[in-house]
**Student:** 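Below you will find the structure I want to go over with you.
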Amino acid sequence: MKDIKRIEIIDLLKGNRNEEIGKEICVKGWVRTKRGNKNIAFIALNDGTIIHNIQIVVELASFDEEIMRRITTGACLRVNGKLVESVGQGQNVEVQATEIEIYGEADVDTYPLQKKGHTLEFLREIAHLRPRTNTFGAVFRIRHAMAYAIHKFYNDRRFFYWHSPIITASDAEGAGEMFQVTTLDLNNIPKTPEGKVDYSQDFYSRQTSLTVSGQLEGELGALSLGKIYTFGPTFRAENSNTPRHLSEFWMIEPEMAFYELEDNMNLAEDFIKYLVNYALENCKDDLEFLQNMYDKELISRLEFVVNNDFVRLKYTQAIEILEKADQKFEFPIAWGVDLQSEHERYLVEKHFKKPVILVDYPKEIKAFYMKQNDDGKTVRAMDVLFPKIGEIIGGSQREENIEKLVSRMKDVGIEPDEMKWYLDTRRFGSAPHSGFGLGFERLLLFVTGMVNIRDVIPFPRTPHNAEF
RNA sequence: UCCUCCUUAGCUCAGUUGGUUAGAGCACAUGACUGUUAAUCAUGGGGUCUUUGGUUCAAGUCCAAAAGGGGGAGCCA
């Protein structure tokens with residue numbers, strides 16, 4: 001077979017290599033469909049660079065019957081052929097095959113992907129093969145684009161990518177149940193004389209876990225480099241079984257010195273709008289596919305978010321609106337209670353019909369590190385609420401006053417001595433600062449229009465499920 | 001973890017008040033068609049009805065439990 005440098009399918013379909021028309025080129029990829037009659041066959045070939053396929057035209061007279069039989073849905077091919085303008089409708093260019101090599105066959109009796117009709121639930125069971133489908137190809141290309149855009153957004157604004165640790169010894173973050181990390185022999189656990197686990201014999205000589213948030217370490221970065229962000233995996237051992245929770249997910253946590261709550265809100269809104277706009281400008285083909293297949297209003301909803309200001313509202317005002325709502329809630333509403341999903345959904349989807357940033361929550365329902373307001377009752381927390389997916393961002397201005405911070409720690413039962421390194425930020429050169437956390441997969445739910453968070457991460461981790 | 005629904009061919013589903021050989025579309029095989037667009041048309045093969053136990057002359061169908069999955073809730077991002 002003639003050795004020709006491979007061209008990626010996106011370049012052929014986007015017209016980037018039109019100077020090759022009339023010449024022999026090489027493409028490589030996986031077969032999506034094969035159809036035709038006894039004289040001619042059409043193979044739709046996809047290499048993952050773009051959602052669309054290149055059409056390979058095969059004159060059967062010049063090819064071995066045996067090789068054509070082995071070309072089935074899912075097989076991987078190397079194809080040499082002449083790039084020509086297409087005779088048929090539906091594509092601008094196609095490849096008139098001259099030579100075909102089969103890299104790998106896909107047995108039709110056992111290859112689970114077919115030309116038609118797979119549910120997302122079925123594809124979840126074959127997560128190792130689902131990226132070969134149009135849907136998951138689109139989702140994961142968008143996932144990449146969003147990850148890239150996150151780094152670009154922060155780099156352009158002079159934020160530094162800060163690597164907070166994955167393994168942590170601080171369990172005082174209060175953000176959820178943690179996965180323990182240990183090298184102890186679980187069949188023979190060393191015990192102290194009191195009968196407790198003897199962690200002094202463990203790898204770190206103390207009890208450690210996977211991180212539930214990089215925020216506390218992020219604050220150390222902000223109070224030295226000025227503006228930082230983290231972007232990494234996060235782990236929660238909660239027994240959450242919903243379409244919005246994973247036990248392993250990715251989170252972006254910016255943290256900024258000298259930012260007050262207002263600045264924090266502005267950054268959060270700019271950030272989300274930037275990402276959504278980036279998707280609109282750079283992932284058009286994939287978004288159009290997802291819109292056609294799953295969500296007819298996807299693109300208009302994304303455009304709406306980019307073009308409209310988020311509503312900004314104090315918790316107290318939200319309670320007033322909910323109390324006046326002409327709708328019965330399962331959970332009664334009153335000042336001081338945390339908002340339930342039904343309440344958030346009412347505000348975002350019914351009352352305002354746009355994203356809402358809620359601020360100044362009662363201190364009792366928020367984390368200890370949030371800056372206390374002068375009213376003595378509320379803290380400078382902010383939650384960004386989105387239609388369909390609920391809380392997409394949670395953040396706050398941080399308490400920089402060490403006395404107030406220690407007092408809150410004691411209120412909620414955290415031993416200040418165990419957080420000495422954290423309190424040192426307030427002890428030495430403390431400063432006003434703020435930050436927030438954005439759930440990466442929840443952002444992707446919004447951008448792709450998918451409804452189950454397990455469908456926007458390649459290998460979802462949920463209770464009882466760690467396959468692949 | 002709680003509530004609720006689902007599990008029938010490789011995939012997506014139908015299956016009547018419990019009744020004799022469990023159906024369809026797609027996929028697959030064979031054939032037809034000189035360029036198809038998830039091609040079309042014809043014919044054909046393909047099922048321990050998730051598992052276990054129970055009720056009954058008789059269970060895909062009724063009851064119970066388990067496993068897996070969906071939706072809602074809580075926890076949160």
Side-chain angles (χ1 to χ4, degrees), chain A residues 31-44 46 52-61 69 72-74 84 86-91 94 96 107-126 133-134 173-177 212-215 233-253 268 292-293 329-331 338-342 344-345 365-367 383-386 389-395 436-446 451-457 462-465 467:
Chain A
V31 176
R32 285 294 164 74
T33 67
K34 185 180 74 171
R35 54 179 173 263
N37 54 44
K38 67 180 171 189
N39 300 301
I40 190 167
F42 302 94
I43 299 167
N46 186 286
H52 304 297
N53 308 317
I54 188 88
Q55 174 154 281
I56 310 294
V57 184
V58 185
E59 298 283 353
L60 295 180
R69 206 184 347 264
T72 57
T73 298
V84 296
S86 180
V87 181
Q89 303 291 307
Q91 57 278 317
E94 61 191 17
Q96 236 65 83
D107 175 42
V108 292
D109 292 327
T110 49
Y111 184 62
L113 293 174
Q114 300 165 3
K115 297 183 192 180
K116 283 195 173 193
H118 295 300
T119 59
L120 295 172
E121 290 81 11
F122 172 71
L123 293 172
R124 230 170 268 153
E125 293 170 14
I126 49 166
T133 63
N134 290 330
E173 295 163 5
E177 292 296 314
V212 293
S213 166
Q215 180 202 316
T234 309
F235 306 88
R236 305 266 168 98
E238 302 287 351
N239 191 10
S240 298
N241 295 289
T242 83
R244 297 178 302 282
H245 290 86
L246 294 165
S247 54
E248 176 184 302
F249 63 100
W250 289 63
M251 189 155 63
I252 302 98
E253 295 181 289
N292 290 337
M293 295 299 287
F329 295 113
E330 189 187 341
F331 294 89
D338 208 355
L339 297 183
Q340 304 293 320
S341 292
E342 55 176 344
E344 295 179 350
R345 214 171 293 137
I365 59 174
K366 287 293 180 185
D383 284 359
V384 180
L385 308 179
F386 256 52
I389 54 178
E391 186 182 340
I392 193 170
I393 279 179
F436 61 81
L438 170 75
F440 187 46
E441 285 78 16
R442 289 195 179 166
L443 171 82
L444 289 172
L445 282 181
F446 183 75
V451 294
N452 192 313
I453 202 163
R454 293 160 201 187
D455 296 332
V456 296
I457 186 168
T462 54
H464 309 298
N465 188 356
E467 213 184 343

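All values derive from a computational prediction rather than experimental measurement. Naming: A, B, ... by sequence-line order, numbering from 1 per chain.
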**Student:** Whether the side chain of A:His118 and the base of B:rC11 hold a donor-acceptor pair under 3.5 Å is what I'd like checked.
**Tutor:** no
**Student:** Please report the distance, rounded to the nearest Å, between NZ in A:Lys34 and P in B:rU40.
**Tutor:**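 One finds 16 Å between P of B:rU40 and NZ of A:Lys34, rounded.
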**Student:** Take A:Asn452 and A:Thr242, find for each the nucleotide of RNA chain B with the closest heavy atom, and name the residue whose nucleotide sits nearer the 5' end.
**Tutor:**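 Whichever sits nearer the 5' end wins; that is A:Asn452.
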**Student:** Name the nucleic acid region contacted by A:Glu59, choosing base, sugar-phosphate or nothing; use a 4.0 angstrom heavy-atom cut-off, strictly under.
**Tutor:** nothing
**Student:** Does A:Arg244 have a side-chain nitrogen or oxygen under 4.0 Å from the phosphate oxygens OP1 or OP2 of B:rA73?
**Tutor:** yes
**Student:** Rounded to whole angstroms, how far apart are CG on A:Leu113 and P on B:rC26?
**Tutor:** 19 Å
**Student:** Should the side chain of A:Gln114 and the base of B:rG10 be counted as holding a donor-acceptor pair, with the cut-off at 3.5 Å?
**Tutor:** yes
**Student:** Does A:Lys38 have a side-chain nitrogen or oxygen under 4.0 Å from the phosphate oxygens OP1 or OP2 of B:rU34?
**Tutor:**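 Looking at the OP1 and OP2 atoms of B:rU34, neither is under 4.0 Å from any side-chain N or O of A:Lys38.
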**Student:** Mapping A:Gly394 and A:Gln91 onto RNA chain B by nearest heavy atom, which one lands closer to the 5' end?
**Tutor:**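 First, find each residue's nearest nucleotide; the 5'-ward one identifies A:Gln91.
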**Student:** Does OP1 or OP2 of B:rU34 have a side-chain N or O of A:Asn39 closer than 4.0 Å?
**Tutor:** no
**Student:** With a non-hydrogen cut-off below 4.0 angstrom, is A:Phe122 in contact with a base, only sugar-phosphate, or nothing?
**Tutor:**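 Contact class for A:Phe122: sugar-phosphate only.
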**Student:** Tell me whether the OP1 or OP2 atom of B:rG74 has a side-chain N or O from A:Ser240 closer than 4.0 Å.
**Tutor:**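 No, A:Ser240 has no side-chain N/O under 4.0 Å of OP1/OP2 on B:rG74.
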**Student:** Give a yes/no on whether any side-chain N or O of A:Arg32 is located under 4.0 angstrom from OP1 or OP2 of B:rU36.
**Tutor:**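 For B:rU36, neither OP1 nor OP2 has a side-chain N or O of A:Arg32 closer than 4.0 Å.
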**Student:** Is the distance from OP1 or OP2 of B:rG69 to the nearest side-chain N or O of A:Arg454 less than 4.0 Å?
**Tutor:**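 No, because none of the side-chain N or O atoms of A:Arg454 sits under 4.0 Å from OP1 or OP2 of B:rG69.
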**Student:** Suppose we screen for side-chain contact (heavy atoms from CB on, under 4.5 Å). Which residues come up paired with A:Gln55, at least two apart in sequence or across chains?
**Tutor:** A:Arg35, A:Phe42, A:Val57, A:Gln91, A:Glu94
**Student:** Rounded to the nearest 0.5 Å, how far does CZ of A:Arg32 lie from CG of A:Leu113?
**Tutor:** 8.5 Å
**Student:** Please report the distance, rounded to the nearest Å, between CG in A:Asn241 and P in B:rG68.
**Tutor:**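 Nearest whole value for this atom pair: 11 Å.
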